Amino acid sequence: QKPSNKSAPNNLKTVYRKETNSIPFKLRIAGTIGINYKIKNVNFVSRRSSTKDIKPNDKANFYYERGLEKKVLGDYKGALIDYSKAIQLNPNDSDFYYSRGWLRAKSEVRDLVGAASDFIKLNRLEPNNVQNLLDLASVYTRALYPNDASRALDIAQQIEPNNGNIIWWKGVFIIKNGKTPIGCKYVRQARRMNASDYDSKLLKDCS
């Protein structure tokens with residue numbers, strides 16, 4: 001979505017940025033009798049918003065906003081170029097890495113190594129942000145790097161040990177990698193923790 005702007009004091013402009021991104025995961029779960037597999041769809045959703053005061057003629061923000069517009073229009077190559085220009089001009093704006101990372105993770109682009117690299121940089125800029133770690137773990141899982149995904153989730157759990165969503169996605173990602181019984185243990189635990197991302201449809205196959 002295109003950010004909305006307004007004037008700020010001291011000759012600065014306030015920009016509001018808001019994005020929602022998602023990755024669908026198809027889980028292949030074996031039935032209890034024979035080898036009758038069921039396919040369950042679980043959608044990982046990431047949301048990010050920020051408010052920043054910047055100079056009115058900030059070129060990095062110009063390229064970032066233009067990149068957002070190109071992404072909406074389906075010009076992913078152009079959007080990637082603009083996001084990269086924004087990062088070159090301001091390598092410390094975490095929003096830029098978030099947006100480029102999720103664009104790289106899109107199925108139409110599928111540069112999962114590049115997406116992971118952006119989310120790693122994002123986590124360095126915001127080391128205690130659990131959502132960033134979940135985003136990184138989701139990309140690692142899509143890229144078939146389960147050990148890296150597990151490490152990212154372990155770090156997230158150290159930061160927020162009572163966050164049921166971390167447990168939920170750990171279970172989902174483990175099931176995605178073919179270890180249904182182990183993953184289901186985490187799914188059941190997430191239910192007990194009242195995880196907001198928890199989907200009861202998956203529990204039917206984990207009971």
Side-chain angles (χ1 to χ4, degrees), residues 1-23 43-140 142-143 148 152-153 155-163 165-166 169 196-197:
Q1 299 181 6
K2 183 178 180 180
S4 57
N5 305 327
K6 75 173 185 178
S7 297
N10 302 320
N11 296 320
L12 296 177
K13 177 177 67 173
T14 301
V15 294
Y16 301 96
R17 299 170 180 163
K18 185 176 181 180
E19 266 203 86
T20 300
N21 295 278
S22 64
I23 293 182
N43 202 37
F44 176 87
V45 179
S46 171
R47 297 179 176 85
R48 181 180 177 88
S49 60
S50 67
T51 303
K52 291 186 170 116
D53 292 338
I54 64 172
K55 295 180 180 179
N57 60 347
D58 186 291
K59 289 185 177 180
N61 188 69
F62 165 78
Y63 283 116
Y64 172 75
E65 290 188 14
R66 197 171 73 172
L68 285 174
E69 293 174 353
K70 288 181 178 179
K71 185 192 74 169
V72 172
L73 294 173
D75 180 9
Y76 301 135
K77 182 177 180 180
L80 282 171
I81 291 172
D82 280 343
Y83 287 154
S84 296
K85 287 181 179 178
I87 288 172
Q88 287 175 357
L89 291 167
N90 183 359
N92 295 315
D93 192 316
S94 52
D95 293 336
F96 298 168
Y97 294 98
Y98 176 86
S99 296
R100 190 175 70 174
W102 273 111
L103 181 55
R104 284 173 159 174
K106 288 182 69 66
S107 58
E108 295 88 345
V109 180
R110 203 169 177 81
D111 176 13
L112 297 175
V113 173
S117 176
D118 281 335
F119 289 138
I120 288 171
K121 178 62 177 179
L122 176 60
N123 277 285
R124 288 173 181 165
L125 291 171
E126 300 175 349
N128 294 315
N129 189 316
V130 166
Q131 183 61 58
N132 294 342
L133 288 162
L134 288 172
D135 293 350
L136 177 60
S138 71
V139 169
Y140 276 144
R142 174 61 70 87
D148 292 316
L153 291 173
I155 295 171
Q157 196 171 4
Q158 290 173 10
I159 298 170
E160 294 184 12
N162 297 318
N163 187 330
N165 287 336
I166 299 170
W169 288 112
S196 59
D197 288 349

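Values below: all heavy atoms of this structure, side chains included; hydrogens, waters and symmetry mates excluded. Remember, it's a predicted structure, so these values are computed and weren't measured experimentally.
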Using a 3.5 Å distance criterion without hydrogens, assess whether the side chain of [X] forms a donor-acceptor pair with backbone atoms of [Y].
X      : Y      : result
Arg104 : Gly114 : yes
Tyr97  : Asn92  : no
Asn165 : Asp197 : yes
Ser117 : Val113 : no

Could you give the distance from [atom1] ([X]) to [atom2] ([Y]), rounded to the nearest 0.5 Å?
X      : Y      : atom1 : atom2 : result
Asn128 : Gln158 : CG    : CD    : 11.0 Å
Ile166 : Gln131 : CD1   : CD    : 10.0 Å
Arg124 : Ser94  : CZ    : OG    : 14.5 Å
Asn90  : Ile54  : CG    : CD1   : 9.5 Å
Phe62  : Asn57  : CZ    : CG    : 12.0 Å
Asp58  : Leu89  : CG    : CG    : 8.0 Å

Side chains of Tyr98 and Asp135: do they bring a donor and an acceptor to under 3.5 Å? no

Got a sec, which residues hit side-chain hydrogen bond (donor to acceptor under 3.5 Å, both in side chains) with Asp93, two or more places apart in sequence or on another chain? Arg17, Lys52

My understanding is that only residues two or more places apart in sequence, or in another chain, count here; which of them pass side-chain hydrogen bond (donor to acceptor under 3.5 Å, both in side chains) with Ser50? Asp95

Quick check: do [X] and [Y] have side-chain heavy atoms less than 4.5 Å from each other?
X      : Y      : value
Arg100 : Leu80  : yes
Ile87  : Lys121 : no
Asp53  : Lys13  : no
Arg110 : Arg142 : yes
Val72  : Glu69  : no
Arg48  : Leu122 : yes
Tyr64  : Tyr83  : yes

Do the ring planes of Trp102 and Phe119 sit parallel (below 30°), tilted (30 to 60°) or perpendicular (above 60°)? perpendicular

Can you see which heavy atom on [X] is nearest to which on [Y], and at what distance?
X      : Y      : answer
Ala86  : Ala60  : CB-O, 3.3 Å
Lys71  : Tyr76  : O-CE2, 3.6 Å
Pro127 : Ile159 : O-CD1, 3.7 Å
Val139 : Ala105 : CG2-CB, 4.2 Å
Ala115 : Gly101 : CB-O, 3.3 Å
Leu125 : Pro91  : CD1-O, 4.3 Å

Of the options Val130, Asn132, Leu136, which is the one that meets Leu134 in a side-chain contact (heavy atoms from CB on, under 4.5 Å)? Val130

